[in-house]
Amino acid sequence: MQEGGLDGAIGKGRVSNLISRFEENRHTDGRREGTPPKQVSRSPNCSPPRKNYQRPREQTSDSSPHHALKPPNGVLAKMNRDRDRERDMEGVTHAPVPIARINKQGLLNGDSVDLTKREITEEECVDSPDVHLNQAKEEEEQEKRKVSEQSDIVRMNSIPEQKETNEQKLYKIANELLQTEKAYVARLNLLDKVFYTKLMEEARKDTFPVDVVKSIFSNITSINAFHSQFLLPDLEKRMGEWTSTPRIGDILQKLTPFLKMYAEYVRNFDHAMDLLKQWIDRSPPFKAIILDIQSQEVCGNLTLQHHMLEPVQRVPRYEMLLKDYLKKLPPEHMDRRDAEKSLEIIGMAATHSNTAIRKTENLKKLLEIYEMLGEEEDIVNPSNELIKEGHILKLAARNTSAMDRYLFLFNNMLLYCVPKFSLVGQKFTVRTRIGIEGMNVKETFNEDYPHTFQVSGKERTLELQASSKLDKESWIKAFTETIDISLQKNETFKSAIKDTEEASDLNISELGKRAPRWIRDNEVTMCMKCKEGFNAITRRRHHCRACGYVVCWKCSDYKATLEYDGNKISKVCKHCYFILTGRTDSDDREGKKKGILELRRKTRRAQTVVVDSTAIEAAQFCGSSIMCGFLQYCERNKPWQKVWCVIPEKEALVLYLYGAPQDVKAQSTIPLLGYHVEDNPRATDPPASFRLSQSKSIHSFAAESEELKQRWLKVIRMAVTGEVPESPEENSSAEITEELNSNGN
C-alpha cells in the first residue's frame, strides 16, 4: 500500500508539474481565470480520438528526479507550434474557442499525454487564420460593393434622362457658356491682378522698364474689366431668370463693339511672346517674379505663356457655343434674330483671331515674293493671300517642247513667271498676270506629256504639265477652290450693291429726271461708293450729277444722259451709270494698277480692321447720340486732324471717329472701357486738350473751348469705368445743327 501510494503521489506530482508548465506557455484568446469548465462538442470534421496508450511502469524504487521532470515526447514541439500559431493570429479576431477543462485529480501517469492530445485536437477544430482573413476580405469587398452601388444610384438619379427636351439642351449650352465665362474671368484676373500688377510694382522700382511690362500685357486690363464687370454679371443674372427669359443672343450682342480690344491683343501677341522670352533671359528679378507666381496653386502648374493664350482662344469659343445654340434654337424663337446677328459679328472676329498669326506670316511671305520678283507692284497687300507656288512645265503651242516655269497662285490672281538665274536679288520675271475672276481650269490628256491640265483666263490660256499625278491633282484642287471662293465673294458684293441702291435717298424711278441734292465736299473725307479716302493729289472729290454723292475719280469716270438737264451727257457714278444705261458690271472697264506706296498704306490700314462695326453712317448716330461734335484728334506722333466724334446711345461705351458728319464709314472706333483719362495738357498740345491712354495706345483730343472739353470729359469718364453716361442737357439737336451749318459755310 505504501509503495502504491508513493507511486500515485509521484505520478500526480509529475502530471501537476507538467500541466502547470504547459499552461504557462499557452496564451489562447478567450481563456480567463475562474471560468467554469465547459463541455466541448467535437466537430465531425475533427480526427477521431486516439486510444490512450499507457506505458508500462518498471517496478523500481529508485526513480531519477530528472526523469520525473521530463515532459512526454512531442509536447515541447506542440508548444512551439502553438506559439507560432498565436503569433500568426495577431490582429485576427474571432470567437473564443472553448477548451476542455479536465479535473486534474485522479489523473494517472501517462494521462497527461492524452490531455495534451485532447486539447490540441480541440484546437484543430478552430478555423485557421487564412479562413478568418478571407472572411474579413469578403466582408470588406461587400462593404465596398454597397458603397459603390449607393454612389451609382445617386449618380443615376442626378443624370437626366437620355432623351432631353430642346429646352434642356438650350439651357445646357447657356450654362456651359456661363461656367466657361467664370473660368475665363478667373484666368483674366490672374493675368491682370497678379502677373501684371506684381511686375508693374517691381518695374516702378526701376528694376526693369515699365514699358516692357505694358507691351507684354497690352490691353489685358480693359478686356478683364469688360468681362468681369459686364458680360459675366449679365450672364449670371440671365441664368438666374432663365425660366422667364430663356435667351443669350441679346447679351452676346453687347460683346460685339468690344471685339476690337481682342484685335489689339491678338496683333500684339507675337511681340509679347518675344519680349517675355527676352526679359526672362535678361532679368533675374523679372524671371523670379514669374516663376514664383507660376509655382502657386492658382496657376495650375501652367506657364504665363499658356495663360496669355487664353484671350486669343476665347472668341472662337464664343463662336462654337453660339453655333451649337443656334442648331437647337427653333426658327420662331424670340432669340433667333439676336443670336444670328451675334454669331455673324463674333464669327468675323473669331476668324481674325484664328488667322491673325497667319496673316503676319503671310505678309512676311509677300515681302519675300516682292523681292524675288524684282519689286513687282501690287504684291505687298494684306488682301493678297498666297495659295500655292512651285515649278511647273509649260507646253509650247507651236511645237512639242516643254519649258520650265514658276507659278504663284494668289487668292485673286495667278503670276506666270520665268526663272531668272541669279544668286541674289530678283529670281523670277513675271511674264503674265491672270485674274481669278473668269478663270477656268480643266484636266487635259496628251500622249507625249502625261499629267497635263489647262488654265484659261481673260488674259491668257496656259497648258501646263505637272511633275506627277499627285502634283497635278494638287494644282487642280488649288485652282478650283480659289475660283469658287472668288465667285462667292463676287455674289456677296453684288448683293451689297443692290442693298445700297435700294436704300438710296433718291428714288430710282426719279434718277436722272430730278436734280439731286449735292453732298458738300467738306461733309465727307472718303468716296461714298468705294470708301477710299480723298487726298489732294491722287484722289480728288467729284460729284455724281445723278445722285449727288461725292465720289472719287474712279467711281465717277462714267457718263450718261440726264433728262432734268436737257438730256445732256453728264458725269455720273458707276452705280447710277448701270441704272441709267441698263448695262451690267461685266462691261465695266478695268482700273489702273495701283502703286506700291498706296498698297503699303492700305496694308497698314487693313491690319487695324477686325470687325466692320465702323460701316455705319455718321448721320444715323447724330439724332440718337449721347455726345457728338467736332474735335481735333492726334494718334501718337501723327499730325492733328479735325474729326467728327460720336458716342451713340446704343453703344454708349464706344467712341466713333468720322472724317465728316456725312461719312458712310467711320475712320476708327475706340472702345472706351478701361482707358485712362489724362486731363493735363502737355506743352506741345493745343489748349483744351485731353488724352486717352491704354497700354501702347495714346489718343489725344482737343476741343474748341474749355467748357466743351469738360462736357466731353464728363461723358468719357463715365464710359471708361463702365457706367452708361447720360446725354448732357446742353447737347441739343439745335446746337448740333448750328455747328454743322457753321462748318458747312
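All heavy atoms count here, side chains included; hydrogens, waters and symmetry mates do not.
A donor-acceptor contact shorter than 3.5 Å is absent between the side chain of K365 and the backbone of L386. Looking only at distances, no side-chain donor or acceptor of H543 sits under 3.5 Å from a matching main-chain atom of V551. Put simply, the side chain of E459 gets close to the backbone of G435: a donor and an acceptor are under 3.5 Å apart. T581 places a side-chain N or O within donor-acceptor distance of the main-chain N or O of Y577, the cut-off being under 3.5 Å. In this structure a side-chain-to-backbone donor-acceptor pair under 3.5 Å is missing from T561 to K568. Distance alone, capped at 3.5 Å, is enough to place a donor-acceptor pair between the S342 side chain and the G249 backbone. Side-chain atoms of R336 come within 3.5 Å of backbone atoms of L326 as a donor-acceptor pair (strictly under, hydrogens ignored).
Judged by distance alone, the side chains of R460 and Y416 never bring a donor and an acceptor atom under 3.5 Å apart. If you check the side chains of Q667 and Y658, you find no donor sitting under 3.5 Å from an acceptor.
Geometric assessment of K642 against the ring of F630 yields a positive cation-pi assignment under the 6.0 Å and 45° thresholds.
Within the 4.5 Å cutoff, no side-chain heavy atoms of P671 are placed close to those of L673. Here the side chains of I436 and I483 are in contact, with some heavy-atom distance below 4.5 Å. Considering only heavy atoms from C-beta on, C576 stays 4.5 Å or farther from Y549 through its side chain. Taking the side chain as every heavy atom from C-beta outward, W475 and L464 never approach each other to under 4.5 Å. Between I698 and E635, every side-chain heavy-atom pair lies at or beyond the 4.5 Å cut-off. Side-chain contact check for F479 versus L409: some heavy-atom pair is nearer than 4.5 Å. Looking at heavy atoms from C-beta onward, V266 lies out of side-chain contact with M261 at the 4.5 angstrom threshold. Annotation: side chain of M528 is in contact with side chain of I519 (closest heavy-atom distance under 4.5 Å).
The neighbour count for K388 NZ, taken as heavy atoms of other residues, nucleotides or ligands under 6.0 Å away, is above 12. More than 12 heavy atoms of other residues, nucleotides or ligands shown are found within 6.0 angstrom of CD on E463. Around the NZ atom of K328, the shell of radius 6.0 Å holds more than 12 heavy atoms that belong to other residues, nucleotides or ligands.
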Report task. Using the side chain to side chain contact (heavy atoms under 4.5 Å, CB included) rule, take I434 and M439 through it: C-alpha gap first, then chi angles, then the decisive distance, then the call. Result -> CA-CA 8 Å; I434 305 176; M439 178 181 289; 3.4 Å; yes
Query raised in the report: After noting the C-alpha distance and the side-chain angles of N384 and N411, does the key distance pass the side chain to side chain donor-acceptor pair (under 3.5 Å) rule?
Result: CA-CA 6 Å; N384 293 340; N411 59 324; 5.7 Å; no
Query - Stepwise side chain to side chain contact (heavy atoms under 4.5 Å, CB included) check, N412 with T482 - result: CA-CA 8 Å; N412 55 359; T482 305; over 6 Å; no
Requested in this report: Evaluate the criterion side chain to side chain contact (heavy atoms under 4.5 Å, CB included) for residue pair Y262 and N219; output intermediate values, then yes/no.
Outcome: CA-CA 9 Å; Y262 281 92; N219 59 338; over 6 Å; no
**Report entry** Check against side chain to side chain contact (heavy atoms under 4.5 Å, CB included), L407 and L414
**Finding:** CA-CA 7 Å; L407 300 181; L414 171 67; 4.1 Å; yes
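Checked for salt-bridge contact, R433 and E376 meet the test: a charged N lies under 4.0 Å from a carboxylate O. A salt bridge does not link D565 with R545: none of the charged nitrogens is closer than 4.0 Å to a carboxylate oxygen.
Sequence neighbours left out, the pairs with a member in residues 472-488 that pass salt bridge (Lys or Arg N to Asp or Glu O under 4.0 Å) are E443-K472.
Separation of atoms CD1 (I579) and SG (C573) is listed at 7.5 Å; rounding is to 0.5 Å. One finds the OG1 atom of T432 at 9.0 Å from the NZ atom of K394 (value rounded to the nearest 0.5 Å). Atom NZ of residue K341 and atom CG of residue D250 lie 12.0 Å apart, to the nearest 0.5 angstrom. To the nearest 0.5 Å, atom CD1 of residue I716 and atom CE of residue M627 are 8.5 Å apart. Put simply, OG on S700 and CD on Q632 are 12.0 Å apart, with the number rounded to the nearest 0.5 Å. Atom CZ of residue F445 and atom CZ of residue F453 lie 13.5 Å apart, to the nearest 0.5 angstrom.
What you find for Y564 and K513 is that their closest heavy atoms are CB-O, 3.2 Å. What you find for F410 and L366 is that their closest heavy atoms are CE2-CD2, 3.5 Å. Pairing each heavy atom of W518 with each of C544, the nearest pair is NE1-O, 4.3 Å. Nearest heavy atom pair, residue L322 against residue I346, reads CD1-CD1, 3.8 Å. Nearest heavy-atom pair, W712 versus G629, reported as atom, atom and distance to 0.1 Å: CZ2-N, 3.8 Å. Between C547 and L511, the closest heavy-atom pair is N-CD1, 4.3 Å.
Aromatic ring pairs are classed by plane angle as parallel below 30°, tilted from 30° to 60° and perpendicular above 60°; the pair F428 and F408 is perpendicular.
Among T669, I670, L631, the one residue that satisfies the side-chain contact (heavy atoms from CB on, under 4.5 Å) test with L657 is I670.
With sequence neighbours left out, R431 forms a salt bridge (charged side-chain N to carboxylate O under 4.0 Å, His left out) with no residue at all.
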